[in-house]
Structures are given as structure tokens and as C-alpha cells.
Amino acid sequence: MKKLIITSENVKFLQKINELADQDITLCEQCGTCSASCPMVAEMDITPSQLMRMVQLGLKEVMETKAMWVCASCYTCTVRCPRGLDVAKVAEALRQVYLRKALDYIEIKKIPKYEFVSLPQIAIVSACRKFTG
Amino acid sequence: MKIGVYVCHCGGNISEVVDIKKVMEFAEQQGDVALVKDHAHMCSDVARKMLVDDIKEYGLDKVVIAACSPQFHGRTFMGTVEKAGLSPYVMEMANIREQCSWPHYYQPELATKKAKDIVKMAIVKARLDEPLEKKTSPIGKRVLVIGAGIAGIQAALDLGDAGFKVYLVEKEPSIGGKMAKLSRTFPTEDCAACILSPKMADVPANPNIELLTNTEIESISGFLGNYDVVAVRKPRYVDITKCTACDKCAEACPVVVPNEFDEGLSSRKAIYLPNPIAVPHAYVLDDKSCLGLFPLACSKCYDVCDAGAINYDEKPERINFTVDTIIVATGYEIFDPRKKKVYEFAKSKNVLTALDLERLISLEAEGTVLRPIGRRIAFIQCVGSRDELVGNEYCSRICCMYATKLSQLLKRADPKRDVYVFYVDLRAFGKGFEEYYKRAQRTGVKFIRGRVAELHEDSHTHKVRLKVEDTLTREIIESEFDLVILSVGLRPSEGTTKIADTLRLIKSPGGWLQEAHPKFRPVDTLADGVFICGCAQGPKDIPDTVAQASAAAARAIRLMNKGEYEVDPITAFVDEKLCSGCGICAGVCPYEAITIELKDGKRISRVNEVVCQGCGACVASCPSGAQQQRWFMTSQLHAMLSAALGEEV
């Protein structure tokens with residue numbers, strides 16, 4: 001088992017996400033309502049409540065998880081959180097931190113035309129937003 | 001004039017931030033200051049003895065204590081000064097803790113500067129203090145107890161036993177409150193009805209208690225030692241002295257309605273016995289469901305009543321009486337789970353509240369099976385508690401333990417049952433609770449940490465499928481249950497909200513009644529002679545409720561026992577020369593202490609100093625400066641302002 005070492009760096013990470021999401025993530029009481037409400041949770045590697053916990057502890061490993069990308073921003077978690085936290089916004093903040101690195105994961109120009117036609121528009125918009133710099 | 005200034009370190013609370021020496025040097029330079037001292041704990045016995053000795057030795061006639069808030073230790077030092085032979089109203093407190101060292105912890109230099117200003121303000125006010133004298137007022141031994149649940153019953157019995165006259169007012173036809181509905185009590189598993197019913201029976205047997213059931217408070221006016229109460233007794237249509245509870249009337253009654261005592265799970269007639277252990281043990285006619293009293297449409301109950309107890313012509317009756325003190329024990333209601341839409345309560349057959357289950361278990365113990373309970377049972381905790389979506393931030397305190405208790409009762413009736421408790425945090429705070437929780441774990445009840453996100457009842461099988469994350473393993477659980485119990489939280493009862501308005505009591509967040517001080521005056525209110533106990537003050541279990549009820553009784557006795565009580569002379573008074581009789585003061589007075597009277601053909605305001613609580617509203621509203629308040633004279637406040645602004649005083 002890996003030992004968890006928490007330093008002031010962890011607090012900085014939490015503060016950064018707090019600021020970006022305009023939430024006080026420390027207030028999460030880890031009840032799991034968000035996880036059990038999430039329609040995408042089956043596709044996630046960690047549950048939304050686990051994501052919140054990792055941010056609380058300032059664990060940057062959260063940036064390497066799949067969960068924040070799988071989040072469909074349906075806001076069910078936000079609507080149901082008994083502490084009134086905007087969980088979807090936290091996931092969005094994490095994505096922002098990642099996207100600010102401005103890396104291209106897909107090249108729009110290289111997508112063949114027939115795929116462009118058959119892909120749902122929302123998928124293209126979200127791909128541009130999430131996977132290009 | 002000789003002013004003594006005492007600067008307290010508060011064991012570091014003040015001295016770690018404020019430079020005590022500098023404050024003392026500053027105080028020494030102020031006019032009329034004859035003595036400046038400091039002490040690690042001014043409130044300690046030894047420091048207070050020093051204060052008494054100094055007053056005598058140096059002939060001090062004013063004292064300034066630079067320490068904590070007057071709310072905290074004002075009375076302490078007033079008592080000390082009085083002991084030394086001075087009026088308690090020549091003592092001034094300079095609050096350099098709550099208003100200085102605590103909030104300005106990181107700015108010690110500025111804090112020291114502010115402490116000096118605060119001390120100076122207290123000194124200039126002390127200069128203008130007049131030695132007021134305490135007054136006493138006679139008081140009787142009559143108490144109004146509102147609400148006859150376990151809290152009201154306990155308070156009434158304590159007061160009655162101590163020889164005080166008690167008016168116990170209950171809006172329901174029987175006393176006993178919510179406790180009478182419960183199956184057993186945690187953690188000892190005593191049968192609730194068995195331990196409650198002897199206490200209920202003691203109430204009418206006590207010669208000092210006048211029990212008024214089916215009665216609601218209409219209005220209360222007056223003040224400590226003289227509260228005028230108007231209560232309205234709703235018609236019961238049954239003479240409780242004649243009724244023998246033979247049940248013939250109910251047998252004859254053709255009207256069937258849901259029984260509120262069983263949470264609507266069973267039915268009753270329009271004429272009914274409120275509950276099996278009802279006190280007074282007499283039937284009551286529910287005029288809302290009766291076929292019709294005016295004009296009389298059916299008289300079946302009347303025809304079969306051998307005792308002649310039924311009287312259809314009963315009218316609401318207004319009852320007036322006067323009491324000296326009041327105890328509010330108006331209790332709680334359970335949270336309405338329909339507000340939590342994801343739990344589909346009232347839409348699903350197999351989703352019940354914990355109070356429903358209490359009734360089912362109680363009735364089963366008496367031999368009545370209303371419905372099957374099933375094999376797989378889930379409890380959902382924190383329904384309506386700790387949930388900002390429904391506006392309730394507070395923890396209802398009792399749900400963890402009542403769910404644990406119910407799980408035990410279910411397991412005992414059928415050990416093969418699977419019982420799951422889905423909780424957010426398990427709070428076993430009371431004596432013997434943690435042990436009880438452990439016992440429940442030993443019997444195989446599964447406690448799973450996670451708030452249930454949603455549930456749905458199958459329309460064919462009526463099994464309830466719920467979805468929850470086990471937050472300890474991070475697995476999403478989707479499981480089916482025969483019965484889901486919502487561990488509903490508590491909210492202030494309608495009566496509690498109404499009485500708060502009637503008596504102008506302050507409410508804490510959540511709508512519960514606010515105590516005067518959370519630690520040292522837990523059953524007092526800021527209204528003199530009004531006490532609170534039980535769940536009206538906040539959610540609590542039976543032992544805490546009973547303890548609080550006895551405490552409220554003791555606090556009421558403390559006021560009344562001597563036959564007189566001390567009245568603060570910090571009241572408003574009128575300078576008749578300046579008063580124009582405009583009446584603005586009378587309008588703003590929240591205690592109705594001010595009347596406008598004619599004197600020599602001129603309208604002037606008159607303050608009833610017994611009623612006046614010294615809030616100062618009239619003083620602030622008076623356009624001509626005729627209203628003044630003792631100990632807070634305008635001249636004093638001006639002097640303090642000038643001192644704060646750095647002007648020469």
C-alpha cells in the first residue's frame with residue numbers, strides 16, 4: 001500500500017480547484033449521493049464522491065483519472081448534493097486545469113469527412129473543447 | 001471621584017494579543033482614575049476578593065473591568081461590586097476579549113490601540129454612572145406549562161410536587177405527546193407506553209395541576225409575575241367526568257376515518273378514544289368527520305351512551321387565568337418525507353416513516369397485525385436532516401439510535417430478517433449508545449455508509465429498489481428490499497412556531513426556540529419568566545428532554561420561591577417637560593410597557609417600569625429626547641462616542 005504524504009502543496013491544489021469551481025470542496029461530507037445518482041458512474045474509474053475526496057486531500061493523481069472526462073455535466077449530482085455543492089463544476093474545474101496545458105489530443109483536420117458528417121454535433125463540439133488546445 | 005480600572009489577562013486569551021502593560025499605563029493617565037491593576041483571571045475568587053478589598057481600602061466609587069463581554073461576566077462583577085457596598089450599576093465592563101483580542105488576533109498592535117479606546121469609553125461612561133438601586137417585585141406561585149408531552153408532563157409534575165399551581169395546557173384530547181406512540185425506547189428497550197402511562201396517570205392525580213386538554217393558547221400578555229393567559233377549550237362533546245370508556249358510542253358510529261395516533265395506518269370512528277393509554281381516559285367526538293352536529297344529522301352515539309356523557313351543544317370555551325411564569329414544551333413534528341421527492345414516499349406502498357414502523361411494532365406487540373413487514377428491510381438515515389436541499393442544516397440527533405433500536409426489534413421478532421441501515425455518519429452520542437450500536441452489529445444488522453440517492457418501487461412486485469454508494473468501498477449498490485423505512489428528522493411543531501410568535505421568543509436557525517445562553521442558561525429565554533424544554537428547544541432524546549423539563553421547573557421555582565424577585569432598574573423613563581405625547585415610543589415598545597396618558601391636560605408617555613425590559617427602542621425613537629434609559633443615558637452614550645473618536649472628554 002502506498003503511503004499518503006500530505007504537504008502544503010496539497011492544500012494549494014485544493015485552493016486552486018476551490019477557486020476555479022467557486023466551491024468550498026472541504027464541505028463535502030462524503031455521503032455518496034453524487035456517486036449513486038451519476039448516470040455515467042459505471043464508466044468511471046473512480047466515483048464522483050471519490051473524486052471530491054481526492055480534491056479535498058489535494059491529491060493531484062485525480063488529474064490522471066478517467067472520471068472527470070466521463071462526466072457528462074448532467075448536473076444530477078449538483079441538484080442532489082445535500083450540502084449544496086456543485087460537483088459538476090468541480091469536475092469542470094479539473095478539466096480546465098488539464099486543458100490549460102493546451103495539448104492537442106485530436107487533430108480536427110485529420111478527422112475524415114464521412115466521420116464529420118456522421119458524428120453527432122455535440123460530440124464534435126465537446127471533442128473540440130476537451131481534446132484540443 | 002475615584003475610579004478603579006482592572007485589566008484581565010483572561011489566562012492568555014487577552015494578554016497574548018493585547019499589551020496589558022500599555023493599556024494599564026494608558027488607563028493611569030485618565031482623569032479620576034485612582035487605581036489600575038491587572039490579574040490573570042479577574043473572574044476568579046481571589047481576584048474578586050482583591051476587588052472587594054480595593055474598593056474598601058481605596059474608597060473607590062466606580063469600577064471598570066476590562067475583560068470579557070458583559071453578557072458573559074457582567075452579573076459576576078455586579079455581584080462583586082455590590083458585595084463591597086457599592087451599587088452594582090457603577091461597574092462598567094470594557095469588552096477587550098470578544099470585541100478586541102479574539103477578532104484581532106493577528107494585529108496585536110492595533111488590538112492594543114483598540115483596547116485603550118474601549119477602556120477609555122468605559123471610563124467616561126463610568127464617570128456618569130449613577131448608583132441605581134435594585135427593586136423587588138412580588139411574585140406568586142402559578143405556572144403555565146404549554147404542551148403535555150413527556151417534557152410538559154415532567155415539568156408539571158415537578159412543579160406540582162413542589163407545591164406550585166400548574167396549568168397544563170394541551171391542544172390534543174389526550175396528554176402523552178409523541179412518546180405515547182413509540183414502541184420501545186433506546187438503548188434500554190423499555191416499553192415506551194409502560195414507562196409513560198404511570199407518569200400520565202400522575203397528572204390528574206396531582207392536586208396542584210389543572211389539566212386543560214383539547215385547549216389552545218389564544219394570547220398571552222403581561223410580564224414576569226403577571227402573565228394574563230387566554231386559552232380556548234375546543235368542544236369535546238363528551239363529558240370526561242361521565243364517560244366510562246365503554247366503547248359503545250364508537251361501535252355505533254357509522255363514520256370511519258384514518259386514525260392519526262397510528263399515523264393513518266389504522267382507522268377510527270368519528271367518536272373515539274385518542275389512544276389506549278389516554279389521559280383523561282374519555283372519548284372525544286371529532287366534529288370535522290362527524291356526520292353533522294349543526295344541524296344534528298345522526299345521533300347514534302348519543303342514543304347508546306348509558307352514562308349520558310355526550311352533549312352535542314358544547315361550544316368553544318374561553319378560559320382566562322393569570323400565571324407568574326411560563327414553561328414552553330410544545331415539541332416537534334416529524335419531517336414530511338414527501339418533500340424529499342427522490343424517496344417516493346406516499347407513492348410507494350412499501351416506503352414508510354420510522355414513526356409508522358413504531359406504530360406497526362407497538363400494535364404487533366398488542367396482537368394487531370396491520371400489514372406484513374417483510375424479510376429484507378432497509379433504513380435510510382438523515383431524511384430531512386443535514387440536508388440543505390430541504391432547508392434543514394441540523395442533525396436531528398435521535399434518528400441513528402431509533403433506527404438501531406427498530407433494527408433490534410425487527411431482528412428479535414424474526415432473526416432471519418436482513419436489516420440494513422444506510423447512514424451518512426453514525427452518531428451514538430449518549431450514555432450506553434455506542435454499546436447499543438455494537439450490540440446491533442453483533443446481531444447482524446448491516447450498517448452501510450452512504451446516503452441513498454434514489455429509490456423506486458416496482459409496480460408489480462412492490463419490491464423497493466434503491467441506489468446508494470458504499471462510500472467505504474466505493475461500490476455502487478443497487479438492491480431490492482421488501483420494506484424501506486425513512487428515518488425522518490425532526491422539525492419544530494406548529495405549536496412551537498405559534499408560541500414563539502405569541503411570546504415573542506427568539507428562534508434559532510431551523511426554527512427551534514433559542515435559549516438565553518447555550519451553555520449556562522440552556523432552558524431560559526430572554527423573556528423574563530419564560531422557560532423552554534424538550535424538543536421545542538431542539539431535537540433531543542427522552543432522557544435529555546426529561547432532564548431539561550426538570551431543569552426548567554427548577555429555574556421557574558428559583559424565580560418564584562422567595563415570593564419576590566429583583567427587577568433591574570435599567571428601565572426607560574420620561575422627561576415630562578420634553579415629552580410631546582406623540583406616542584411613537586408606545587408604538588415601538590415590543591413589551592407594551594408604554595401608555596400615553598393625560599396629565600394636567602397634556603398628553604405624556606408613561607413607562608411601566610416593571611414591564612420595561614430596557615431594550616432602548618423607545619429612547620432611540622423619541623424625536624424630542626424625552627425618553628431616557630437608566631445606565632444608558634444619552635449623555636453617557638455621547639461621552640463614549642467622543643472618547644471613541646478621540647475627542648477630549
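Letters go in sequence order (proteins before strands), and every chain restarts at 1.
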### Query
Where on A:Cys81 is there a heavy atom nearer than 4.5 Å to chain B: the side chain, the backbone, both, or neither?
backbone
### Message
Which heavy atom of B:Arg474 sits nearest to which heavy atom of A:Thr47, and what is that distance?
### Response
O-CG2, 3.6 Å
### Message
Are there over 12 heavy-atom neighbours, none belonging to B:Glu480, within less than 6.0 Å of that residue's CD?
### Response
yes
### Query
Do other residues, nucleotides or ligands put more than 12 heavy atoms under 6.0 Å from the CD atom of A:Glu19?
no
### Query
Roughly how far apart are A:Glu29 CD and B:Arg386 CZ, rounded to 0.5 Å?
4.5 Å
### Structural part of B:Val390 lying under 4.5 Å from a heavy atom of chain A
neither
### Task
Please determine, among B:Glu393, B:Arg449, B:Glu478, B:Glu454, the option with the most heavy-atom pairs under 4.5 Å with chain A.
B:Arg449
### Query
Taking atom NZ of B:Lys341 as the centre, does the number of heavy atoms from other residues, nucleotides or ligands within less than 6.0 Å exceed 12?
no
### Query
Out of A:Pro48, A:Ser49, A:Ser37, A:Cys31, which one pairs with B:Glu469 under the side-chain contact (heavy atoms from CB on, under 4.5 Å) rule?
A:Ser49
### Task
Examine whether an atom of B:Leu389 lies under 4.5 Å from a heavy atom of chain A, and if so say whether it belongs to the side chain, the backbone or both; otherwise answer neither.
both
## Note on the structure
Value for OG (A:Ser35) from CD (B:Glu475), rounded to nearest 0.5 Å, stands at 11.0 Å
### Within 6.0 Å of CZ in B:Phe429, more than 12 heavy atoms from elsewhere
yes
### Task
Taking all heavy atoms of B:Ala453 and all of A:Thr33, pick out the closest pair and write down the distance.
CB-O, 3.6 Å
### Message
How about CD1 on A:Ile122, more than 12 heavy atoms from neighbouring residues, nucleotides or ligands closer than 6.0 Å, or not?
### Response
no
### Query
Heavy-atom count around B:Lys507 NZ within 6.0 Å, excluding the residue itself: above 12?
yes
### Task
Could you tell me the separation between the CG atom of A:Leu85 and the CD atom of B:Glu388, rounded to the nearest 0.5 Å?
8.0 Å
